**Student:** 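First the structure, which I've put down as C-alpha cells, then a few questions once you've had a look.
Small disclaimer: the values here were computed from a predicted structure and weren't measured. Naming: A, B, ... by sequence-line order, numbering from 1 per chain.
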2 protein chains.
Amino acid sequence: MLWKIDPAGDEPLYAQLVAQVHLAVARGDLAAGDRLPAARELAGSLDLNVHTVLKAYQRLRDEGLIELRRGRGAVVTARGGAGLPPVEKALAALVRAARAANLSAETTAVLVREAMNG
Amino acid sequence: MLWKIDPAGDEPLYAQLVAQVHLAVARGDLAAGDRLPAARELAGSLDLNVHTVLKAYQRLRDEGLIELRRGRGAVVTARGGAGLPPVEKALAALVRAARAANLSAETTAVLVREAMNG
DNA sequence: ACCTATTTGTCCGTATGTATG
DNA sequence: CCATACATACGGACAAATAGG
C-alpha cells in the first residue's frame with residue numbers, strides 16, 4: 001500500500017489519508033472491488049489512532065468512493081474505473097443525497113417508485 | 001429548545017439530535033440566523049458527550065442546514081430546510097437512467113432500498 | 001444451529017490546537 | 001490579550017454486523 005502521512009503537515013491527518021486513497025484509485029493502484037486494510041491494521045502501520053483512520057474511511061464513504069460494512073471492511077466501489085453504467089452512478093448519487101437529507105431507505109424507495117410511475 | 005434524546009432508543013444518539021434539529025427547523029422553532037447552543041452546553045443539558053453533539057452538528061453542516069465556525073458556534077443557514085433540491089436532482093437523474101436501461105419502477109425501487117441499506 | 005474471529009459503529013473521556021469576537 | 005467554541009487527535013470500551021468453521 002505504501003501510504004505516507006506527515007504528522008507535522010498543515011493538513012489534518014485524516015484528510016491526508018483521504019487524499020492518499022484518492023490518489024491510489026486515480027493511479028489504478030486501487031481498483032473497484034479491492035479491499036482497503038482494516039482500520040486498526042492501517043492505524044498501526046501508519047502510527048495513527050483507529051478513529052483517525054475511521055474518520056477518513058467514513059469520509060470516503062460519504063464521497064461514494066468506498067463501501068463500509070461491519071465485519072467486511074472497506075471495499076472500493078465501482079467509481080474508480082470511469083466506465084460505470086449510468087444507473088449505478090445515478091443510484092450512488094441519490095443514496096448520498098438522500099442520506100444527507102436524512103431520508104430513510106423506505107422513504108427513498110417510495111419516492112423512486114412514484115417518480116418512475118408518475 | 002427542549003430537545004429530547006432517548007439513550008435506550010435504536011437510533012444512535014447523534015442521529016436523534018440531527019432529527020430533532022431537522023424537526024425544529026421544519027416547525028419554525030429555528031429560523032435562518034438562529035444560533036444553536038454551544039456543543040458543550042447542549043451536551044451538558046442533554047447528558048451527552050461533547051463529541052456526540054459535535055458529530056450531529058458536523059452532520060448538519062454537511063447537509064447544509066447549519067454553518068459552523070470556531071469561536072462563533074452553530075448558526076442556521078439562510079436557506080434553512082431547503083435541502084431537498086439535491087435529492088430531486090438525483091431522483092430525476094436516476095429515473096432517466098433507469099428508463100434508458102429498461103428497468104421497471106419496482107426493480108428500481110428495490111435497487112434503491114438495497115443501496116440505502118447497504 | 002452454534003460458536004468464534006474480524007471489523008466497523010457508537011460513545012465516552014481527555015488534551016491540545018485555532019479561528020472568532 | 002482573553003474568553004468562547006469548534007477541530008483534530010489520542011485513548012479505551014462495548015455493541016453489532018459479517019464471515020467462516
**Student:** Do the side chains of B:Leu91 and A:Leu91 join up, straight or via other hydrophobic residues, at under 4.5 Å, putting them in one cluster?
**Tutor:** yes
**Student:** Could you tell me how far apart B:Ile5 (CD1) and C:dT10 (P) are, to the nearest whole angstrom?
**Tutor:** 14 Å
**Student:** Is there side-chain contact between A:Leu17 and A:Leu42, with heavy atoms separated by less than 4.5 Å?
**Tutor:**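 Of all side-chain heavy-atom pairs linking A:Leu42 with A:Leu17, at least one is under 4.5 Å.
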**Student:** What's the CD-C1' distance between B:Glu11 and C:dC11, to the nearest Å?
**Tutor:** 16 Å
**Student:** Among Ile, Leu, Val, Met, Phe, Trp and Tyr joined by side-chain contacts under 4.5 Å, find the other residues sharing a cluster with B:Val50 and list them by chain and number.
**Tutor:** B:Leu54
**Student:** Hey, are the side chains of B:Leu36 and B:Val76 touching, using non-hydrogen atoms and a 4.5 Å cut-off?
**Tutor:**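 Counting from C-beta outward, B:Leu36 and B:Val76 do come under 4.5 Å.
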**Student:** When you measure from the side-chain N and O atoms of A:Tyr14 to the phosphate of D:dA9, is any distance below 4.0 Å, counting only OP1 and OP2?
**Tutor:** no
**Student:** Would you mind reading off the distance between B:Ile66 atom CD1 and D:dA7 atom C1', rounded to a whole angstrom?
**Tutor:** 14 Å
**Student:** Of A:Leu13, A:Thr52, A:Ile5, which is the lone residue that meets side-chain contact (heavy atoms from CB on, under 4.5 Å) with A:Leu46?
**Tutor:** A:Ile5
**Student:** Taking CG from A:Asp62 and P from C:dG9, how many angstroms apart are they, rounded to a whole number?
**Tutor:** 10 Å
**Student:** Quick one: are A:Trp3 and A:Val21 in side-chain contact, heavy atoms under 4.5 Å?
**Tutor:** yes
**Student:** Taking atom C1' of C:dT7 as reference, at what distance in whole Å does atom CD of A:Glu67 sit?
**Tutor:** 14 Å
**Student:** For every nucleotide of nucleotides 13-21 of chain C, 5' to 3': is a protein heavy atom under 4.0 Å from its base (B), only from its sugar-phosphate (S), or from neither (-)?
**Tutor:** BB--BBBSS
**Student:** With a 4.0 Å limit, can you tell me whether B:Lys55 has a side-chain N or O closer than that to the phosphate oxygens OP1/OP2 of C:dT10?
**Tutor:**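 Checking C:dT10 against B:Lys55, a side-chain N or O does come within under 4.0 Å of OP1 or OP2.
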**Student:** Any side-chain heavy atom of A:His22 within less than 4.5 Å of one from A:Leu60?
**Tutor:**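 Yes, at least one pair of side-chain atoms sits under 4.5 Å.
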**Student:** I want to check one thing: is the phosphate of D:dC10, taken as OP1 and OP2, less than 4.0 Å away from some side-chain N or O of A:Thr52?
**Tutor:** yes
**Student:** Can you tell which of C:dC11, D:dC10, D:dA7 lies closest to the side chain of B:Leu68?
**Tutor:** D:dA7
**Student:** What is the distance from CG of A:Leu54 to P of D:dT8, rounded to the nearest Å?
**Tutor:** 16 Å
**Student:** Counting just side-chain N and O atoms, does A:Gln58 come under 4.0 Å of either OP1 or OP2 of C:dG9?
**Tutor:**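 For C:dG9, OP1/OP2 do have a side-chain N/O of A:Gln58 under 4.0 Å.
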**Student:** Using whole Å, what does the distance between atom C1' of nucleotide D:dT8 and atom CG of A:Asp10 come to?
**Tutor:** 14 Å
**Student:** Starting at CD of A:Glu41 and ending at P of C:dT7, how long is that distance when rounded to a whole Å?
**Tutor:**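 A:Glu41 atom CD is separated from C:dT7 atom P by 7 Å.
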**Student:** State which of D:dA5, D:dC10, C:dT7 makes the closest approach to the side chain of B:Arg35.
**Tutor:**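 It is D:dA5.
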